Amino acid sequence: MKIIKMFLLILALLLQIFAAQPAIYGENGVVVAHDLEACEAGIQILKAGGNAVDAAVAVSYALAVTHPQAGNLGGGGFMIIQMADGRKAAVDYREMAPGGAHRNMFLDDSGRVVPGKSTRGGLAIGVPGTVAGLQLALDEYGSLTRSKVMKPAIRLAKKGFKIPYHLAYSLGWLNQAAKAFDETRRIFCRDGDLYQPGDLFKQPELAKTLKLIQRKGNSGFYEGVVAQALVKSSSEYGGTFTPDDLINYTPKIREPAAGNYRGYDILSMPPPSSGGIALISMLNMLEFMSFDSVGWHSAKHIHMLAEVEKRAYADRSVWLGDPDFFQVPQEKLLSRAYASLRIADFDSSSATPSDSIYPLNDKDLADIDPVGHESEETTHFSVVDQWGNAVSVTTTLNWSFGSYVTVEGFGFLLNNEMDDFSSKPGTPNSFGLIGNEANAIQPGKRMLSSMTPTILSKDGQVVLVLGAPGGATIITTVLQVINNMVDYGMPLPDAVTAARFHHQWRPDVIQYAPRAISDDTAALLKEMGYELSKRNSYGEVNAISRDRVFGGWVGAADYRIASHGAAY
Ligand code: GLY
């Protein structure tokens, strides 16, 4: 008997070890984000009576301190809000091209893209939107003052926080990569005397900047000493910023992209992100198929997803861009009728070659050289509160640590978001994504994004809040988590941590993370006409779902990178 009991105990322990990251449960509110400190900042605001929007603003500012790879003051982002009273919004604080930007700014005299020009240094920087966007969200949907919601971030910058392993690792890498960026190496790499895991990281310059924003709001950032230093630092690295570029920055509240998948209402980010439209159009196509007798990650399952992904990414390359500059046929792309037409040539037994999915001019495509996935450092967090309000935020500097330009004396990095424009229509960007006229560079325009902060509801109640980093892979990551939960009944932690795969039309390849596709399945897919390539794990999904048993909220942080959650 004793032996049996011992055996059962060992078995229980083993099962726990091999189980997915235990869920985070909260009756009143949950925050799931890259850093524990940022999650705690959000919970502190919720406990102080703030709503999910107040907490989201606090988390954003905290991430600007604790997660310099992607959390930011010098970048941009998108926020999807669903309030319990029925209000819905997409807050767009995507960066804008400065006034000096022009269509051919990244080309040489013979019309070729100059490598690196759109990704590092002053010309890579778009006008930052985060500070103005967070203020807009707070004004329209928050309930606490800016002064209060910024307190946790200011404390983290001033008093410091212990450097986690993944940040120490990234800062070591930054020290090598950013050799020409003295201020960046001074602030983040102690001039080569590198931070070790567990070291205290204090950022007095950043604390000063945050306090200016706390006191003065937008004018503390877009005007005065911070703005002057920003313009100066950008020009030192070849940028064309003027004070007017900063003063003219405007965040926008847009109608979220909306759809429905098998009874779940979906809200996601509309243009200038491609995320919401591509996600909903893929789900619309999938609704014409059934997963009932299709095994999870069988060749058939992967084929179904890959085929809808190819079609949506082909559409993305032509029809998506900043809606203030290009007429995006949003209604058409989101319609069931269009999805039915788009998937009509689906062949259940073989891959449709990307060449025949969208007949782009062969001459334009001949030279496409699939670009490696150098960096996909964006960050996503999700927040829910005791009233049932939900906020889904994805924010970024684009690549890890953005352009590498730090604003001298003010302690924050600037983005390299200009690379998300089509430097040369028809030529892929750093994620291998192709864009066309819709995403050509123009002064004041927002560059196309893949960020896909998303909220699902049923009968007016929020049931799932999610999103991910990962450049081009963001949209297919969000798609797979929804597919895992809605079509395969997975609990949230399993759906979030399941290995993933990705097809983006060009290159015509299924990329897959370790263990996402078995060798047997890969062989079947090759017989169907697919090319496959292995890649690292990707997509740090930070999600929250409604708990069906106790009625509170369950959080799931993607442990593969470094995420955390907090609840109360
Ligand atoms: N910079 C990545 C994105 O916006 O999709």
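If you read the sequence from its start, that first residue is 1, and numbering goes on from there. This structure is a prediction, so every number in the text was calculated from the model and none was measured. First listed ligand is number 1; within each ligand, the first listed atom is number 1.
- A search for salt bridge (Lys or Arg N to Asp or Glu O under 4.0 Å) contacts involving D35 returns nothing, not counting sequence neighbours.
- Looking only at atom types and distance, the side chain of D139 has a donor-acceptor partner in the side chain of Q135 under 3.5 Å away.
- Ion pairing between a basic and an acidic side chain is recognised when a charged N comes within 4.0 Å of a carboxylate O; D419 and K117 show no such pairing.
- Residues T66 and E37 bring no donor and acceptor atom of their side chains to less than 3.5 Å of each other.
- Checking H380 against S382 by side-chain atom types alone, a donor-acceptor pair falls below 3.5 Å.
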Find all protein N or O atoms under 3.5 angstrom from an N or O atom of ligand 1 and list the pairs with distances, or write 'none'.
unit_1   : atom_1 : unit_2 : atom_2 : d
ligand 1 : 1 (N)  : N398   : OD1    : 2.7
ligand 1 : 1 (N)  : E417   : OE2    : 2.7
ligand 1 : 1 (N)  : D420   : OD2    : 2.7
ligand 1 : 4 (O)  : R94    : NH1    : 3.0
ligand 1 : 4 (O)  : R94    : NH2    : 3.2
ligand 1 : 4 (O)  : D420   : OD2    : 3.3
ligand 1 : 4 (O)  : S449   : OG     : 2.7
ligand 1 : 5 (O)  : S449   : OG     : 3.2
ligand 1 : 5 (O)  : S450   : N      : 2.7

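- Side-chain polar atoms of E183 and S233 form no donor-acceptor pair below 3.5 angstrom.
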